[in-house]
Asker: 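Right, I'll just put the structure down here and ask away after.
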Amino acid sequence: ITNGTPGAGTAVAATQWLSSVACIGGSTTCYAAGETAAGKGAILPLRNGVPGSVVSVKGSTVLNDIACPSATTCYAAGEYEPDAVAVVVTLVNGKITKVLTVGASSQLYGIGCTSTSACYATGAQNHASSSIVVTLADGVPNATHTFSGLAVMSHIVCLSGGNCLATGYRNDPARGMVSTVTGGVPSVPARVNGSEDLFEAECQSATSCIAAGERSHFTVGLIVDTPV
């Protein structure tokens with residue numbers, strides 16, 4: 001995509017799908033995360049938008065999100081299905097250096113970083129019975145906090161000032177949800193009336209973000225302006 005104009009799509013062999021992409025600031029190097037055709041977590045390096053060779057991540061079955069907080073290091077979050085545990089993968093200079101499990105969760109959906117060493121991942125505990133945010137220090141899981149209520153918080157975006165915004169949904173009734181995460185501790189998720197789910201968000205400033213989601217189940221897209 002150049003100046004908002006999409007180019008031709010490129011099929012990536014040996015993958016089932018790719019769910020997230022993160023780029024190294026100030027460079028043309030990016031990494032996409034997803035699942036290989038063999039049912040393993042996948043990391044795909046890209047240079048100037050051109051796919052390289054897919055890296056199959058042993059000890060994971062899918063990687064749902066990836067963040068690159070420095071010029072050398074990226075972190076990916078996902079799950080290892082046979083053991084029903086979440087995983088965090090550390091990538092340094094394009095090579096996998098750590099694959100760690102997060103015992104308090106069964107899968108991780110999103111990851112965001114406030115600095116080169118401090119990151120936060122959102123996910124599910126006990127197969128989506130509750131949502132959590134996990135604090136990571138240099139890719140190592142640390143404290144875990146639970147979102148209150150029945151919210152399923154699937155994405156998180158972070159600012160360099162230390163705040164993050166988690167987005168997701170809750171059922172009964174279906175509503176999009178947002179929660180501010182400060183130092184790994186989430187606020188009580190707030191309902192966004194007129195929405196059913198908020199899939200992802202990006203922030204324009206330290207106090208304002210825009211979330212994208214749906215208004216009616218798979219029928220109407222939605223954009224929400226939300227404070228941090």
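This is a predicted model, so every value here is computed, not measured. Note: hydrogens, waters and symmetry copies are ignored here, and every other heavy atom, side chains too, is used.
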Asker: Regarding Asn163 and Thr182, is there a side-chain donor-to-acceptor distance under 3.5 Å anywhere?
Answerer: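 There is such a pair (donor and acceptor under 3.5 Å, judged by atom type) between the side chains of Asn163 and Thr182.
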Asker: Tell me the closest heavy-atom pair linking Asn64 and Ser20, and the distance in Å.
Answerer: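 The answer is O-CB, 3.6 Å.
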Asker: Around Gln16, counting heavy atoms of other residues, nucleotides and ligands shown, do more than 12 lie under 6.0 Å from its CD?
Answerer: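 Yes - once you tally the heavy atoms of other residues, nucleotides and ligands closer than 6.0 Å, there are more than 12.
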Asker: Can you tell if the side chain of Leu91 reaches within under 4.5 Å of the side chain of Val55, non-hydrogen atoms only?
Answerer: no
Asker: Looking at CD of Glu200 and NE2 of His155, how far apart are the two atoms once the value is rounded to the nearest 0.5 Å?
Answerer: 4.0 Å
Asker: Given the rule that I, L, V, M, F, W and Y join up when any side-chain heavy atoms are under 4.5 Å apart, are Val62 and Leu44 in one cluster?
Answerer: no
Asker: Tell me if a side-chain donor or acceptor on Asp197 pairs with a main-chain N or O of Glu214 at a distance below 3.5 Å.
Answerer: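 No; judged by distance alone, with no hydrogens or angles, the pair does not exist.
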Asker: Check whether any side-chain heavy atom of Ser131 sits under 4.5 Å from a side-chain heavy atom of Thr122, and report yes or no.
Answerer: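 No, too far: nothing below the 4.5 Å cut-off.
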Asker: Hey, does the side chain of His145 reach the backbone of Pro186 with a donor-acceptor pair shorter than 3.5 angstrom?
Answerer: no
Asker: Find out whether Ile210 and Gln204 are in side-chain contact, i.e. whether some heavy atom of one side chain is under 4.5 Å from a heavy atom of the other.
Answerer: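 Result yes, sub-4.5 Å side-chain heavy-atom pair found.
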Asker: Of the non-hydrogen atoms in Leu100 and Gly139, which two are nearest, and what is the gap between them?
Answerer: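 Closest approach of Leu100 to Gly139: CD1-O, 3.7 Å.
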Asker: Report yes or no: is the SG-SG distance between Cys23 and Cys68 under 2.5 Å?
Answerer: no
Asker: With rounding to the nearest 0.5 angstrom, report the CG to OG distance, Leu159 to Ser205.
Answerer: 8.0 Å
Asker: Quick one: does Val57's side chain get under 4.5 Å of Tyr80's, heavy atoms only?
Answerer: no
Asker: In a check of side chain to side chain contact (heavy atoms under 4.5 Å, CB included) between Ile111 and each of Asp65, Val134, Val89, which one passes?
Answerer: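 Running side chain to side chain contact (heavy atoms under 4.5 Å, CB included) over Asp65, Val134, Val89 with Ile111 returns exactly one hit, Asp65.
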Asker: Please report whether the SG atoms of Cys113 and Cys119 are separated by less than 2.5 angstrom.
Answerer: yes
Asker: Check for me, please, whether Val12 and Tyr31 land in the same ILVMFWY cluster - side-chain distances under 4.5 Å, paths through other members count.
Answerer: no
Asker: Could you give the distance from CZ (Arg47) to SG (Cys30), rounded to the nearest 0.5 Å?
Answerer: 9.0 Å
Asker: Looking only at heavy atoms, what is the nearest atom pair of Gly59 and Val99, with distance?
Answerer: O-CG1, 4.2 Å
Asker: Taking the side chain as everything from C-beta on, heavy atoms only, tell me whether Ser179 gets closer than 4.5 Å to Met177.
Answerer: no
Asker: For the side chain of Thr61 and the backbone of Glu79, is there at least one donor-acceptor N/O pair under 3.5 Å apart?
Answerer: yes
Asker: Can you tell me how far OG1 of Thr28 sits from CG of Asn48, rounded to the nearest 0.5 angstrom?
Answerer: 4.0 Å
Asker: Testing the basics here: between Leu46 and Ala32, what is the closest heavy-atom pair and its distance to 0.1 Å?
Answerer: CD1-N, 3.9 Å
Asker: Please give me the minimum heavy-atom distance between Ser70 and Thr116, naming the atom from each residue.
Answerer: CB-CG2, 3.7 Å
Asker: How many angstroms lie between OH in Tyr120 and OG1 in Thr144, if you round to the nearest 0.5 Å?
Answerer: 12.5 Å
Asker: For the side chain of Lys98 and the backbone of Asp138, is there at least one donor-acceptor N/O pair under 3.5 Å apart?
Answerer: yes
Asker: Hey, are the side chains of Met153 and Tyr109 touching, using non-hydrogen atoms and a 4.5 Å cut-off?
Answerer: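 No, side chains not in contact.
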Asker: On a heavy-atom basis, which atom in Leu136 and which in Ala121 lie closest, and how many Å separate them?
Answerer: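 Smallest interatomic distance, heavy atoms only, reads CD1-CB, 4.3 Å.
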Asker: Any side-chain heavy atom of Thr101 sitting closer than 4.5 Å to one from Val87?
Answerer: yes
Asker: Distance-only, no hydrogens or angles: does the Thr29 side chain make a donor-acceptor pair with backbone N or O of Ile24 under 3.5 Å?
Answerer: no
Asker: Taking the side chain as every heavy atom from C-beta outward, state whether Lys40 and Glu35 have any atom pair closer than 4.5 Å.
Answerer: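 A side-chain contact is absent here, since even the closest heavy-atom pair is not under 4.5 Å.
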Asker: Would you check, one step at a time, whether the test side-chain contact (heavy atoms from CB on, under 4.5 Å) holds for Ile66 with Ile43?
Answerer: CA-CA 9 Å; Ile66 188 168; Ile43 297 289; 4.0 Å; yes
Asker: Should Ile96 and Val54 be regarded as members of a common hydrophobic cluster, given that ILVMFWY residues are connected when their side-chain heavy atoms come within less than 4.5 Å of each other, either directly or indirectly?
Answerer: no
Asker: Between CG of Leu165 and CD1 of Ile156, what distance do you get to the nearest 0.5 Å?
Answerer: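 Separation between the atoms: 8.0 Å.
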